[in-house]
There are 2 protein chains.
Amino acid sequence: MSYRISELAAKCGVNKETIRYYERKHLIQEPNRTKAGYRIYSDDVVKRVRFIKRMQDLGFLLQEVDKLLGVVDKDDNRCQDMFKFVSKKEREVQQQIQDLKRVEQMLNDLKERCPDEKTLHECPIIETLFDE
Amino acid sequence: MSYRISELAAKCGVNKETIRYYERKHLIQEPNRTKAGYRIYSDDVVKRVRFIKRMQDLGFLLQEVDKLLGVVDKDDNRCQDMFKFVSKKEREVQQQIQDLKRVEQMLNDLKERCPDEKTLHECPIIETLFDE
DNA sequence: CTTGACCTTTTACTATGGTACAGGGTTTAT
DNA sequence: ATAAACCCTGTACCATAGTAAAAGGTCAAG
């Protein structure tokens, strides 16, 4: 099957401007064109764009997704130092998880301080955080 | 003690442009000025800016930090729906923790696939993610 | 054969969170 | 008294990740 840009965008749940944006950023290759210059895409590109979105939703920057796509594209350049890249990202993710657990605890405490389940005008937790 | 903008910035570990940026965004009040128009700050503002940075580092947007500061400022408007706000943020944080745990697992698997602890040219994990 | 829906490029704009610079004024130290 | 170091405002710029609009080309249906 082959698709025009709007069909591709719809199949991937993104805006068609986003497709062109990914092309500009070299996350997807320049597609073939019809005689009139219309972009045409294959199912491979559907998979690729969905992968980009999925990785991005999981907290990867587009430049990081690009690095991962190096494996898919079997590109020597982007595969360079993959172990280092993955290790660094892993440490960041572990730190983030720790931070978020603290935040979760804080938010839970905060909720319990809301007397009427609506507003909250003073809170020793925020005040403690505020006063160091 | 009172501080000029550079001293405040240094005490809080931020750029002085960041202080002016926070002022523009109403995260800190317009400060008093010297006769010459220089901003002067109290220790309260040191605490406030440090709080902003700390919350931000934990993953809060400045607009979310502003909401939390409503409690510190005892501001009826920003304290409105605090329970709802905190609950929503808590759910987001819980979801993020789940996502990040998946990513951590993925990255760990990925590392183990790097044959020489340097590069990685093919990987069933990425391929599985890529193929849905 | 015209209308509407689609496509093209280029450029500008959005939000978030800053940073930098230009062109001034002030304060401090020598 | 003059230079360095600081301050001011305003504007422009950076990255990230898009979104929108302008001005035009293409294509299918009625």
Side-chain angles (χ1 to χ4, degrees), chain A residues 1-42 45 48-69 85 89 92 96 99, chain B residues 1-42 45 48-69 85 89 92 96 99:
Chain A
M1 282 293 283
S2 77
Y3 311 101
R4 301 215 295 208
I5 194 165
S6 284
E7 295 170 304
L8 174 67
K11 266 194 164 287
C12 300
V14 302
N15 194 303
K16 60 183 191 290
E17 303 299 331
T18 304
I19 303 293
R20 287 195 269 252
Y21 176 74
Y22 289 171
E23 187 183 315
R24 283 204 297 288
K25 295 285 161 180
H26 309 294
L27 285 152
I28 55 181
Q29 285 168 253
E30 294 246 335
N32 293 327
R33 305 279 184 137
T34 65
K35 270 156 282 171
Y38 290 14
R39 289 169 178 81
I40 41 175
Y41 298 100
S42 68
V45 184
R48 194 178 179 95
V49 173
R50 285 184 180 163
F51 176 79
I52 295 167
K53 282 316 286 174
R54 226 171 18 256
M55 289 303 104
Q56 200 188 24
D57 290 346
L58 288 171
F60 288 79
L61 299 176
L62 288 185
Q63 56 180 251
E64 294 171 334
V65 178
D66 182 55
K67 179 84 181 171
L68 292 178
L69 284 169
F85 167 75
K89 186 72 185 168
E92 286 169 15
Q96 263 191 77
D99 288 352
Chain B
M1 282 292 284
S2 78
Y3 311 102
R4 301 214 295 207
I5 194 166
S6 285
E7 295 170 304
L8 175 67
K11 266 193 164 290
C12 300
V14 302
N15 194 303
K16 60 183 192 287
E17 303 300 331
T18 303
I19 302 293
R20 285 195 271 251
Y21 177 74
Y22 288 170
E23 187 183 314
R24 284 204 298 286
K25 294 286 161 179
H26 308 295
L27 284 154
I28 55 181
Q29 284 168 254
E30 295 245 336
N32 293 327
R33 306 278 185 138
T34 64
K35 270 156 282 167
Y38 289 14
R39 289 167 178 83
I40 42 176
Y41 298 101
S42 68
V45 184
R48 194 177 180 96
V49 173
R50 286 184 179 164
F51 176 80
I52 294 167
K53 280 315 286 174
R54 226 171 16 257
M55 289 303 104
Q56 201 188 20
D57 290 346
L58 288 172
F60 288 79
L61 300 176
L62 289 185
Q63 57 181 251
E64 293 171 334
V65 178
D66 182 56
K67 179 84 180 171
L68 292 179
L69 284 169
F85 166 75
K89 186 73 186 168
E92 286 169 14
Q96 264 191 76
D99 288 352

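It should be emphasised that the depicted structure is a prediction, and the values quoted were computed from it without experimental measurement. Each chain gets a letter, A, B and so on, in the order the sequences are listed, and its residues count up from 1.
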Next item on the list: Please report the shortest heavy-atom distance between A:Lys53 and A:Cys12, naming the atom on each side.
Entry: CG-O, 4.4 Å
Note to self: Within this structure, what is the NZ-CZ distance for the pair A:Lys89 and A:Phe60, rounded to the nearest 0.5 Å?
What the structure shows: 5.5 Å
Margin query: Output the rounded distance in Å from CD1 (B:Ile19) to C1' (D:dC6).
Written below: 16 Å
Check: So, is B:Gln63 close to the C:dA15 phosphate, meaning a side-chain N or O under 4.0 Å from OP1 or OP2?
Finding: no
Checklist line | B:Lys11 to B:Arg50 - nearest heavy-atom pair and separation | finding: O-NH2, 2.7 Å
Item checked: Euclidean distance, atom CD1 of residue A:Ile52 to atom C1' of D:dG18 [Å, nearest integer] -> 14 Å
Margin query: Under 4.0 Å from OP1 or OP2 of D:dT26: is there any side-chain N or O of A:Thr34 that close?
Written below: no
Check: Rounding to a whole Å, what distance do you find between B:Glu30:CD and D:dC8:C1'?
Finding: 13 Å
Next item on the list: Identify the heavy atoms of B:Tyr22 and B:Val49 that sit nearest to each other, and give their distance.
Entry: CE1-CG1, 4.2 Å
Next item on the list: Please tell me which of A:Glu17 and B:Lys35 maps to the more 5' nucleotide of DNA chain C, matching each residue to the nucleotide holding its nearest heavy atom.
Entry: A:Glu17
Margin query: Considering every strand and a 4.0 Å limit on heavy-atom distances, what is the contact class for B:Lys16: base, sugar-phosphate, or nothing?
Written below: sugar-phosphate
Notebook entry, point to check: Between atom CG of B:Leu62 and atom OH of B:Tyr21, what is the distance when rounded to the nearest 0.5 Å?
Noted result: 5.5 Å
Notebook entry, point to check: Looking at B:Tyr22, does any N or O in its side chain come under 4.0 Å of the phosphate oxygens OP1/OP2 on C:dG17?
Noted result: no
Next item on the list: Mind checking the CG-CG spacing from B:Asp66 to B:Leu61? Nearest 0.5 Å is all I need.
Entry: 11.5 Å
Margin query: Please confirm whether the shortest side-chain N or O distance from B:Asn15 to OP1 or OP2 of C:dT19 is below 4.0 Å.
Written below: yes
Next item on the list: Check whether any side-chain nitrogen or oxygen of B:Arg20 sits under 4.0 Å from OP1 or OP2 of D:dC8, and answer yes or no.
Entry: yes
Next item on the list: Find the distance B:Lys67:NZ to C:dT16:P and express it as a whole number of Å.
Entry: 16 Å
Check: OP1 or OP2 of C:dC7 sitting under 4.0 Å from any side-chain N/O of A:Arg39?
Finding: no
Next item on the list: Grab the NE2-P distance between A:His26 and D:dA17 for me, whole Å please.
Entry: 15 Å
Next item on the list: Starting from P on D:dA17, measure out to OH on A:Tyr21 and report it in whole angstrom.
Entry: 6 Å
Protein and nucleotides 4-6 of chain C: nitrogen or oxygen contacts under 3.5 angstrom:
none

Note to self: So B:Lys53, base contact, sugar-phosphate only, or nothing? Heavy-atom distance under 4.0 Å.
What the structure shows: sugar-phosphate
Using a 3.5 Å cut-off and no angle test, enumerate the donor-acceptor pairs between side-chain atoms of residues 23-34 of chain B and protein atoms at least two apart in sequence or in another chain.
residue	atom	partner	partner atom	Å
B:Glu23	OE1	B:Arg39	NE	2.8
B:Arg33	NH1	B:Gly37	O	2.9
B:Thr34	OG1	B:Ala36	N	3.3
B:Thr34	OG1	B:Gly37	N	3.4
B:Thr34	OG1	B:Tyr38	N	3.0

Margin query: In whole Å, I'd like the distance from the CD atom of B:Glu7 to the C1' atom of D:dA5.
Written below: 13 Å
Checklist line | Short side-chain N/O contact to D:dT11 OP1/OP2 from B:Arg24, under 4.0 Å | finding: no
Next item on the list: Please report, rounded to the nearest Å, how far the P atom of D:dA17 is from the CD1 atom of A:Ile28.
Entry: 15 Å
